[in-house]
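Right, one structure below, let's go through it.
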2 protein chains.
Amino acid sequence: MLDVAREAGVSVATVSAFINNTARVSPGTTGRIETAIRRVGYQRNAVARSLKLGKTHTIGLTVPHITNPFFTEVVAVITQAFDRAGYAVMLFCTDENLSNQDEQIRLLLDRMVDGLIVARVGDDEAFGNIVRTAKVPIVLIDRLCDGIDLDAVVLDNKAAVFEAIEYLARLGHKRIGYITGETDIATMRERDAGYRAALAARGIAFDPLLVRRGDFHEKDGYSAAMQLMTLPDRPTAIFSANNPMVVGAMKAIRDLGLRCPEDVSVICFDDFPFADVFQPQMTTVRQPVEAIGEQAVAMLLDRINGNAPTDPRRLTLRGRLMIRSSCVAVPAASSEPQSQSA
Amino acid sequence: MLDVAREAGVSVATVSAFINNTARVSPGTTGRIETAIRRVGYQRNAVARSLKLGKTHTIGLTVPHITNPFFTEVVAVITQAFDRAGYAVMLFCTDENLSNQDEQIRLLLDRMVDGLIVARVGDDEAFGNIVRTAKVPIVLIDRLCDGIDLDAVVLDNKAAVFEAIEYLARLGHKRIGYITGETDIATMRERDAGYRAALAARGIAFDPLLVRRGDFHEKDGYSAAMQLMTLPDRPTAIFSANNPMVVGAMKAIRDLGLRCPEDVSVICFDDFPFADVFQPQMTTVRQPVEAIGEQAVAMLLDRINGNAPTDPRRLTLRGRLMIRSSCVAVPAASSEPQSQSA
DNA sequence: TTGTAGGCGTTATCAT
DNA sequence: ATGATAACGCCTACAA
C-alpha cells in the first residue's frame with residue numbers, strides 16, 4: 001500500500017480511504033490510485049487489517065467426521081452460508097477425539113476467528129474452560145454441552161428416535177436391536193431415551209442385550225450387528241444411531257447371509273443421497289440439515305454483529321422419518337423367539 | 001503479552017523468548033512467566049505473529065462440491081494431513097462457478113495463506129492471472145490447468161475410463177451411454193478420450209447420440225439418463241463420469257421402470273462408501289483418494305519449506321476398476337437394436 | 001480533500 | 001540472561 005501511495009503520489013491514508021471508501025477522494029486521485037494499484041499489483045493484506053481492526057472475518061468450524069453424510073451436508077451448508085456473508089471458514093475434523101478438539105479450538109482462538117461453530121465430541125471440562133475464556137461467540141450444533149449454556153441448534157433426538165422405534169413396533173417388531181454411541185454424548189443419551197420410551201409405550205420389555213454401543217465408525221456398526229444377529233434370540237429389526245455404523249451393520253447382515261428387509265428390518269439415523277437409489281431403499285431419520293446449517297450461521301452472525309439477546313438461544317428442530325423399503329412387517333412366526341422355531 | 005510481562009516483572013522480549021524458546025531464559029523467570037501467563041489468561045495472537053513473520057500456517061482449499069463423495073474424502077484426507085502438520089485449512093466450495101472460485105482464491109490470498117490446494121473449475125484466464133501473481137505455492141488436484149504449469153496430482157483419467165469401457169465391451173455391450181461434463185474441463189476431455197479410445201479399440205462406432213453432457217449435478221445425470229434410455233435404440237450400458245450424476249441416472253432408470261443391471265449396466269466414476277452395501281453393488285472407478293490428498297499436501301509442504309525442485313511436479317495416479325454387480329453381460333438378443341426386436 | 005503519526009501484538013536485533 | 005526498540009501493513013484520529 002505504501003508502494004501504491006508512492007506510485008500515485010499520495011499518502012497511504014488516502015489510498016486506504018479510497019480502498020475502503022471511508023472518505024471522499026477526488027476523481028483525479030481516484031484515477032491515479034487505481035492505476036497505481038494495477039501497476040504495483042497491490043493486494044490487500046487481510047492479516048494486517050485484522051490485527052488493526054480486531055476482526056478476521058473468519059470463523060472456525062469443527063465436526064467429528066466430515067465423511068459422515070450428515071456432517072458433510074451441514075459443512076456444505078455452513079461454508080456456503082458464510083461465503084455469502086463474506087466470511088472464510090477454517091475447518092477441522094476432531095475425529096471424535098477430545099484432545100484433538102481442544103487443540104483445534106485453541107488454534108482457532110489463537111487465530112482470532114470471529115466465531116466458532118462446533119459439533120462437539122465427548123464431555124470433558126477442558127472444553128468448558130476454553131469456552132468460558134473465549135472472547136468470541138460460539139454456537140453448538142448437533143450436540144449440546146451439559147455444563148455450559150451456549151447458543152445451539154440441535155435436533156429433538158428423543159422424539160425422532162421415538163418415532164422410528166414406534167414405527168418398527170407398529171410393524172410388529174418386538175425385538176429391536178439398537179446400535180448407538182457412548183453415553184458421554186448428550187445426543188446419544190437423548191436417542192437412548194427415545195428408544196426406551198417407545199419400547200415402554202408399546203409395552204415391549206427393554207432388553208440390554210439388544211443395545212450395542214460403538215464409537216460411530218463403520219467397524220463398530222459391523223461388530224455390533226454381528227453380535228446382535230448371532231444372538232440366540234436375534235432381533236427382527238435394527239436401529240442405528242448414525243450413518244457410518246449402519247454401513248457396517250448392513251455389511252455384517254450381508255456377510256451373515258441374511259437379507260434386509262426379509263430377515264431384518266433396518267432404520268438409521270441421518271439420511272443420505274443414496275438412500276432411495278439402491279435396494280433396499282433405506283428408511284432413515286432425516287435431520288433438516290439445511291435449517292441446521294443456516295440457523296447456526298444466522299445465530300453466530302447475530303452474535304458477532306451484536307444483534308442477539310444476551311441469553312443463549314437454543315433451537316430444537318424436528319427430524320422426519322423417511323419411510324422407504326428397508327423395513328417390513330414381521331411375519332407372525334418370526335416374531336416368536338428363533339429358538340422355538342428351530 | 002504485555003500484561004504477562006508486567007505481571008511477571010520482565011520485558012515482552014523475554015516473554016516472547018520464553019514462549020517460542022528462541023533464547024535461554026533462567027529457571028526463575030521461567031516460573032514467574034508461567035504463572036503470569038496462567039494468571040493473566042494469556043492467549044497467543046497468531047494474527048500479530050503472522051503479520052510479523054509473514055507466515056500464517058494456514059492453507060486454502062477450494063473444491064467444486066464437498067458433497068461429491070470424491071471431494072468429501074479428499075477434503076477429509078487433506079484437512080487431517082494439514083492438521084497433523086500444524087496447519088489450519090480454509091475451505092471453500094466453488095460450486096462449479098468461475099467467479100466464485102476467483103473471488104475465493106483472492107480472499108485466500110488476501111489472508112496470506114501459505115499455500116493453496118485447488119480442484120479448479122472451468123477454464124478462464126482470470127485464474128491464470130491470479131496464479132501468476134500469487135506469491136505462494138499452489139498445487140492442483142483432480143483438474144489440471146491448461147495454460148499454466150503448476151504442481152499437480154491428478155488421475156490418469158483416460159486410462160481409467162478406457163478400462164471401464166473396455167470392461168463393458170468385454171461384457172458384450174456395444175451401445176454404451178456416456179454421461180459426462182463440459183469439455184472446458186481438461187479432466188473431462190481426458191475421460192472423453194478414454195471413452196472413444198476404448199470404443200475404437202473394440203471396433204465399436206462412436207455414436208454422438210450416446211453422449212450427454214451435464215454440469216455434474218444429480219439433475220443433469222437424471223435428464224441425461226432419461227434421454228438415453230428413451231432413445232429408439234437405447235444403450236445397454238451407461239457410464240457416468242461422476243458420482244452425483246449417477247445418482248440421478250439411477251433414479252431415472254428406476255422412474256422408467258427399468259432395472260439395473262437387468263435392463264442396463266451401470267458404471268460410475270468415483271467410488272463411495274455405500275457402493276458395496278446395497279443392491280446393485282455399484283461397479284466404480286476408484287481414485288486413490290488417500291494418495292491424492294497425502295501427495296498434494298506433501299507437495300505443498302515441500303514448496304512451502306523450500307524443499308522442492310523449481311520445476312513443477314506432476315503426479316499422475318492410476319484409478320482402479322472396482323467390479324461389483326451393476327454390470328452384466330448383455331444377452332445376445334438385446335445387443336441387437338431394440339427397434340428390430342420390437 | 002489529503003497528510004502525519006501512533007498503535008494493533010509480535011518477533012528480532014542489538015545492547016546491556 | 002534480559003531489556004529497549006524498530007519493524008510487519010494497516011487504519012484512524014487529528015491536523016492541515
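Every chain is numbered from 1, with letters handed out A, B, ... down the list of sequences.
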Practice task
For B/Asp311, check side chain to side chain contact (heavy atoms under 4.5 Å, CB included) against everything at least two apart and list the hits.
Solution key: none
Practice task
Among residues two or more places apart or on two chains, list those pairs meeting salt bridge (Lys or Arg N to Asp or Glu O under 4.0 Å) that have a residue in residues 88-103 of chain A.
Solution key: A/Glu96-A/Arg143
Exercise for the section: Could you list the residues that satisfy side chain to side chain contact (heavy atoms under 4.5 Å, CB included) with B/Asp110, not counting sequence neighbours? Expected result: A/Gln43, A/Arg44, A/Ala46, B/Arg106
Exercise for the section: Walking along DNA chain D from 5' to 3', note the first and the last nucleotide with an atom under 4.0 Å from a heavy atom of chain A, and give both. Expected result: D/dG9 to D/dT12
Problem - Near-strand residues of residues 9-17 of chain B, defined as heavy-atom separation under 4.0 angstrom from DNA chain C - result: B/Ala13, B/Ser16
Handout entry: Check ion pair B/Asp302-B/Arg313 (N to O, under 4.0 angstrom)
Key = yes
Completion exercise
Under a 4.0 Å heavy-atom criterion, DNA chain C is touched by chain A from C/dT1 to C/dG9
Fill in the blank from the handout: Applied to residues 22-57 of chain B, the ring pair (Phe, Tyr, Trp, His ring centres under 6.0 Å) test, sequence neighbours excluded, yields B/His57-B/Tyr87
Problem - Distance-only donor-acceptor check, side chains B/Thr94 and B/Asn100, under 3.5 Å - result: no
Handout entry: Close residues, residues 29-51 of chain B, relative to DNA chain C [heavy-atom separation under 4.0 Å]
Key = B/Tyr42, B/Gln43, B/Arg44, B/Asn45, B/Ala48, B/Arg49
Practice task
Could you verify whether a donor N or O on one side chain and an acceptor N or O on the other, from A/Thr58 and A/Arg111, lie under 3.5 Å apart?
Solution key: no
Exercise for the section: Please work out if A/Leu53 contacts a base, only the sugar-phosphate, or nothing of the nucleic acid, heavy-atom cut-off 4.0 Å. Expected result: sugar-phosphate
Tell me which donor-acceptor pairs under 3.5 Å the side chains of residues 66-74 of chain B have, and how far apart each pair is, sequence neighbours excluded?
unit_1, atom_1, unit_2, atom_2, d
B/Asn68, OD1, B/Phe70, N, 2.9
B/Thr72, OG1, B/Ile66, O, 2.4
B/Thr72, OG1, B/Asn68, O, 3.1

Exercise for the section: Only counting residues at least two apart or in another chain, list the ones meeting side chain to side chain contact (heavy atoms under 4.5 Å, CB included) with B/Ser11. Expected result: B/Ala13, B/Thr14
Exercise for the section: Quick one: which residue pairs count as a salt bridge (Lys or Arg N to Asp or Glu O under 4.0 Å) with a foot in residues 11-30 of chain B, not counting sequence neighbours? Expected result: none
Handout entry: Main-chain N/O of A/Thr56 paired to A/Asp114 side chain as donor or acceptor, under 3.5 Å
Key = yes
Would you be so kind as to tabulate the donor-acceptor pairs closer than 3.5 Å made by side chains of residues 127-137 of chain B, with sequence neighbours excluded?
unit_1, atom_1, unit_2, atom_2, d
B/Thr133, OG1, B/Asn129, O, 3.1
B/Thr133, OG1, B/Ile130, O, 3.1
B/Lys135, NZ, B/Thr133, O, 3.1

